[in-house]
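The chains referred to below are lettered A, B, ... by the order of the sequence lines, with proteins before strands, and numbering in each begins at 1.
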Amino acid sequence: MQHTAFVLVFALAFAFFSYNAQRLVRYLRVGAADDRLNDVPRRLWNLLRIGFAQSKILRDPVAGPVHALVFWGFLVLQAGALEIFLQGLVPGLSYARLLPQPLHWLFLLSQELTAAAVLAAVSFLLYRRIVVKPKRLQGDGVHSRDAIFILSLIAGLMITLIIVAAADRVLGADYPMVIQPVSAPLSVALGWLSPSAAGALRDASWWAHALLILTFLNYLPYSKHLHVIVSLPNTFLSNTSGPGTVGAMKPMDLETDAEVFGASDVTHLSWKNLLDGYACTECGRCTSVCPAHLTGKLLSPRKIVVNTRQRLLEVAPALIGGSDVFGMPFIGAEPNDAVATAAVLEHKLLDNFITEEELWACTSCRACVYECPVSIDQLEIINEMRRNLVLTESRFPEEVLPAFEAMERYGSPWAFQPAEREKWAEGLDIPTMAEMFERGERPDILFWVGCMGSFDDRAKKTTVAFARILRAAGVRFAILGQEESCNGDPARRLGNEYLYQMLAKQVIETLDRYEVTTIVTSCPHCFHQMGNEFPQLGGNYDVIHHSTYIERLLADDRLPLRQAEGEKLVMVYHDSCYLGRYNEVYDAPRQALKRALPVVQLVEAPRSRDKGLCCGAGGGRMWMEEPVGQRVNVERKKELLSTGAEAIAVACPFCMTMLDDAGMKLESTVPVYDIAEVVAQQLADG
Amino acid sequence: MKIAVCIKRVPEMDVNFKISPSGTTVDETGLRWDMSDFDGYAVEAALQLTEKAGAGEVHVISLGPDVVQETLRKALSMGVARAVHLKCDRVPFDGFAIAAALAAELKDGGYDLIMFGKMSIDGASGVVQFGVAELLGMPVVHACSKLEITGGTGSARREIEGGGELVSFSLPAIVSIDEGIARPRYPSLKGIMSAKKKPLDIKPAQLGAVRLTVDKVELPPPRAAGRIIGEGAAAVPELVQLLQNVAKVL
Amino acid sequence: MPNVLVFAEARGGELRKVAFEAVTAARQLADQSGGEVHAMLVGPSGIGAKASQLAEFGADVVAVSEHAAFADYAPESTAALVADRVKGGDYRVVIFSASAQGKDLAPRTAAKLHSAIATDVTSFALTGDALVVTHPGYTGKVLHTLTLVGSPALFSVRPGAVATKRTMGAGRVESVAPSLDPSSARVRTTATILGDTRKLDLGEAPIIISGGRGLKAAENFALVEALAAAFGNAAVGATRAVTDEGWRPHSDQIGQTGRLVSPDLYIAVGISGAIQHLAGMRTSKCIVAINKDKEAPIFKVADYGIVGDVFDVVPALTAAVKQAKQSPH
């Protein structure tokens with residue numbers, strides 16, 4: 001009788017779950033194609049490291065280990081869950097009968113310890129949710145109800161598991177107490193139960209446990225805990241930690257006859273973006289590290305992902321058929337006209353869920369992507385929507401228009417004539433590629449100066465400093481001079497892919513004409529663009545950031561430095577997002593400083609390296625006004641100043657400008673130097 | 001609503017011009033080109049009028065050698081429906097000579113409005129629209145900073161020194177556009193792509209007689225080096241005198 | 001001897017300064033060719049009384065047309081009137097002012113007459129058979145020397161290009177009836193609104209007065225606004241430092257990331273001249289700087305600089321500009 005009941009319940013539960021699973025998978029078809037089965041070894045490695053080893057989860061020192069415990073515990077407990085369902089389907093089956101005794105005892109112990117640990121963990125997490133109420137677990141319309149329900153279910157599962165083991169002991173199972181350290185004492189406490197009572201308790205707990213598992217399973221599609229099923233596949237299928245180039249924007253083919261460029265709705269996103277929506281645990285870690293959000297802007301990376309999921313669940317039934325099983329026909333039906341009203345179809349993701357203001361507030365610092373424990377790419381959604389705003393609708397903040405126009409006309413986001421690009425080099429006798437080529441010579445490297453380095457007064461000093469360093473090291477280098485023009489990165493970040501491709505192709509043509517193979521640049525944006533994204537358009541060069549190059553020169557003793565004198569100089573290095581999180585260059589700049597100035601005492605800002613706070617200029621925000629909230633650059637400057645450092649070092653002209661500006665606002669006298677300036681100052685030739 | 005806009009391809013103004021060896025034209029080496037500023041406002045104003053009316057088309061027309069087709073394509077990418085290129089080797093300076101060619105093309109177009117920028121930013125004469133108006137027997141309203149069309153009537157505002165004039169007229173009419181009406185829209189990628197497929201007709205230009213010739217072009221005398229003319233409020237009278245008589249801005 | 005016809009612009013029953021400039025120009029040419037200066041004066045009833053003013057600048061004949069319809073500028077009837085006068089007389093040259101009105105009237109008249117026209121001219125001469133003029137183009141960066149073929153040749157003279165000169169002319173007044181019935185005009189001016197200069201956009205304003213940190217506080221921008229108002233056709237700009245502080249809206253910011261402007265006159269008040277700001281305004285025709293630091297970089301790009309306290313200099317300048325503007329308008 002029980003057996004029949006179990007088989008029935010099991011079949012129903014599984015059918016229902018299977019229905020929902022199919023439904024949710026079908027919904028993904030609403031999205032565009034995306035090849036995610038390349039470089040499987042890399043993907044498996046990500047799965048192991050980020051998924052199973054919980055590397056990103058552990059970035060939170062408190063909630064991290066606790067969640068990891070629950071996850072690993074969950075994996076261990078699957079063995080026990082499997083036994084339950086085997087027993088239910090084939091009465092009398094148990095591991096006791098199948099496994100050799102030592103292994104079975106190990107199994108029992110593992111379940112026991114795990115159940116206790118998970119119960120403790122879950123109790124802590126409930127306490128955290130209900131009493132502590134951490135900030136990042138609120139906002140964006142997320143509810144703790146969902147979490148509390150699931151945590152309670154898990155607690156229930158652990159408790160019923162232990163009770164079953166205890167009841168079994170009362171009924172005569174006599175494993176050594178040491179392998180059942182939790183259920184053994186409990187069984188003693190329950191010793192007064194009569195065999196029939198113990199049997200009833202045992203059956204009830206066993207059923208409760210099985211039902212809780214089936215309830216849990218079927219609740220998942222309706223909860224953020226869908227991540228339990230989706231997060232591991234999502235980690236495998238994600239590109240946020242490779243394979244391929246990390247941090248490169250998606251390539252875009254502009255030659256198509258598409259009506260829509262970029263994404264205004266979920267149908268324009270790829271199925272992987274939509275899967276990200278399913279994987280989101282609403283943990284809020286992304287939002288808690290977002291510089292825009294931290295300074296009061298509307299943008300919340302979590303909201304972007306949650307909205308994507310919400311919109312998918314809203315419109316997919318209309319487009320692809322099937323919906324919540326209650327009251328609606330079974331899956332496999334035609335697109336559901338009853339639901340496909342104009343209102344639903346036109347209630348697009350853009351403007352109705354995610355506003356322009358949120359999209360433009362992003363500095364593309366990648367902190368959200370870096371932090372996400374389930375490898376969601378929030379930035380990709382933001383970038384695709386920006387592309388839609390600009391390419392399809394020509395909607396962008398009006399202060400961005402001069403930058404677009406200047407890039408089109410002058411090949412620079414600022415309205416300076418190409419002729420002015422060489423002004424910084426006056427009197428320095430630096431050969432241009434054109435001059436070298438005419439003489440039949442080739443340089444070892446091309447020094448790519450960049451628009452900031454060419455036109456901005458403060459950045460020009462960095463350019464000159466680096467040129468001096470190259471010269472002191474005897475490097476044969478050339479510059480493009482007037483032939484240099486913007487590689488289009490600002491346009492691309494701002495969503496103007498058309499303008500970007502036009503500019504990038506021009507630069508690639510120039511570089512190829514001069515047979516350039518190695519480029520060194522002092523701008524992390526140029527570095528990332530030309531090194532990591534140019535290959536999409538056929539430009540393949542070895543691009544090195546000047547901090548890395550300088551560090552190598554120093555390590556190889558190629559720079560004659562004068563003796564360091566004086567007391568210690570306390571310096572704090574500010575990590576550029578495009579050097580750091582995008583390209584994992586954290587040590588070279590620090591090493592360069594230490595080698596050049598052995599007297600330097602490097603201190604770290606509270607948020608540094610991959611947790612570094614953005615200066616606020618990325619994502620094209622350098623060209624936008626910041627009308628809402630506090631200034632990102634001021635926030636960061638305050639943080640850097642709080643270290644008590646006597647000087648701030650940077651490796652990016654944008655960071656330099658932002659921190660300088662913030663310094664003026666805060667009336668701070670702490671100077672900001674580029675690494676090149678610090679090193680150049682130490683050159684033996686003075 | 002059917003609107004025609006006459007546009008001109010001109011060099012970007014933010015450069016130091018040089019004179020070509022012939023001495024009668026500006027040296028074109030290294031110059032970048034675009035639609036004349038006021039013409040851009042006119043195209044935008046025309047697009048907004050047809051959008052507001054809910055129906056209608058905007059056509060653009062330009063005179064000159066083959067390169068003007070770039071500028072016509074730019075207008076197409078903004079949303080203009082068709083373009084006409086009146087082909088001739090050189091654009092004459094004489095606006096009335098140009099007007100004859102334009103009038104010949106526009107005559108049978110059945111346009112409700114024919115729009116111009118108030119003047120081209122290079123030649124800066126501002127006479128073509130009057131020539132066309134005379135040849136077509138249409139009313140012309142010049143230098144509108146505001147424009148509204150309701151049914152068959154138009155009302156506009158012209159800026160005058162210290163104020164404005166409100167003008168009313170009936171369609172069909174010729175209107176030239178001043179600043180303040182509209183900023184030209186940034187073409188969307190869709191616009192740029194579809195521009196390639198929109199019709200661009202090429203016809204020979206039937207220029208009129210030229211009665212205004214360019215003998216030579218020169219650069220204005222170089223700016224004298226700046227100087228500090230004085231200290232404090234005492235220097236004000238001299239400044240005013242300089243602004244009035246030398247710089248002629250007061 | 002062919003005569004010179006000149007259209008003398010009036011508004012609100014008064015002659016405008018540009019009218020006297022145009023008559024002076026006519027006198028110069030008439031003296032060259034040995035003919036008379038005939039001035040046309042059009043306006044509402046009573047305008048004829050101003051004819052004698054035109055004689056003071058050299059008009060030999062003043063053809064007056066008075067009609068209620070000429071209370072506002074009537075483009076078609078006025079052009080018809082001038083055209084008819086030209087057809088009925090023997091004029092070598094017809095001169096207009098290149099004022100807002102003249103920029104409409106001159107080409108309109110020329111089109112009716114099918115004659116050559118050069119607008120916005122800064123110098124002119126009759127050399128033998130030809131009328132040769134200078135016309136600035138390319139935003140003032142290129143000067144064209146033009147020859148007009150045929151007689152009469154029409155041109156409009158740029159306001160301020162001719163210094164008025166008093167020479168007594170015969171001043172005979174003739175009365176002329178409007179030829180085109182003003183009520184049949186297809187283009188009607190329904191109102192002339194004065195004192196209602198729309199807020200000039202930075203991109204269009206011929207004059208821009210910009211304020212920087214030297215003004216010390218948001219309220220002090222009132223000084224800059226007063227100076228702009230004194231000019232009448234000026235807009236107010238600001239540096240990034242000032243918009244960052246919130247003293248002025250971001251849309252007023254001139255500089256690398258703000259607006260690029262190229263007005264005829266740019267007055268920088270309390271601005272040091274950081275390169276980001278300079279990038280935004282260095283192509284202005286005439287740059288004036290007022291700053292108390294004589295080493296400020298702005299003085300390197302300014303045509304005229306005053307070293308002094310802006311709180312002293314700007315009010316003084318405002319008063320002086322108001323006065324200068326008060327001479328016959």
Heavy-atom proximity to chain B below 4.5 Å, by part of Val132(C): side chain

For the residue pair Val249(B) and Phe231(C), establish whether any side-chain heavy-atom pair is separated by less than 4.5 Å. no

With heavy-atom distances below 4.5 Å as the criterion, would you say the side chains of Lys103(C) and Lys118(B) are in contact? no

Select one option (side chain, backbone, both, neither) describing which atoms of His135(C) are under 4.5 Å from chain B's heavy atoms. side chain

Just by distance, do the side chain of Lys141(C) and the backbone of Val15(B) share a donor-acceptor pair under 3.5 Å? yes

For Tyr111(B), enumerate each residue passing the ring pair (Phe, Tyr, Trp, His ring centres under 6.0 Å) test, keeping only those at least two apart in sequence or located in another chain. His59(B)

Pro263(C), part contacting chain B, at a heavy-atom distance under 4.5 Å: neither

Counting only heavy atoms closer than 4.5 Å, note whether Asp104(C) contacts chain B via side chain, backbone, both or neither. both

Name the member of Lys294(C), Lys292(C), His114(C), Lys300(C) that forms the most heavy-atom pairs with chain B at distances under 4.5 Å. His114(C)

How far does CD of Glu159(B) sit from CG of Asn233(C), to the nearest 0.5 angstrom? 11.5 Å

Side-chain donor or acceptor of Thr190(C) paired with backbone N/O of Leu166(B) under 3.5 Å: yes

Does any heavy atom of chain B fall under 4.5 Å from the side chain of Val133(C), the backbone, both, or neither of them? neither

Please classify the contact between Tyr304(C) and chain B as side chain, backbone, both or neither, with a heavy-atom cut-off of under 4.5 Å. both

Applying a strict 4.5 Å limit to non-hydrogen atoms, the region of Ala302(C) in contact with chain B is backbone

Residue Ser156(C) versus chain B: region with a heavy atom under 4.5 Å: neither

Kindly compute the distance separating OG1 (Thr24(B)) from NE2 (His144(C)), expressed to the nearest 0.5 Å. 10.0 Å

Please classify the contact of Ile207(C) with chain B as side chain, backbone, both or neither, using a heavy-atom distance under 4.5 Å. side chain

When you compare the side chain of Glu218(B) with that of Thr145(C), does any pair of heavy atoms fall below 4.5 Å? yes

Determine whether a donor-acceptor pair (N or O, by modelled atom type, separation under 3.5 Å) exists between the side chain of Thr119(C) and the backbone of Ser125(B). yes

Region of Ala110(C) that comes under 4.5 Å of a non-hydrogen atom in chain B: both

Look at Val149(C), Val313(C), Asp303(C) and state which one has the largest set of heavy-atom pairs under 4.5 Å with chain B. Asp303(C)

Cut-off 4.5 Å, heavy atoms of chain C, and the answer for Val26(B) is side chain

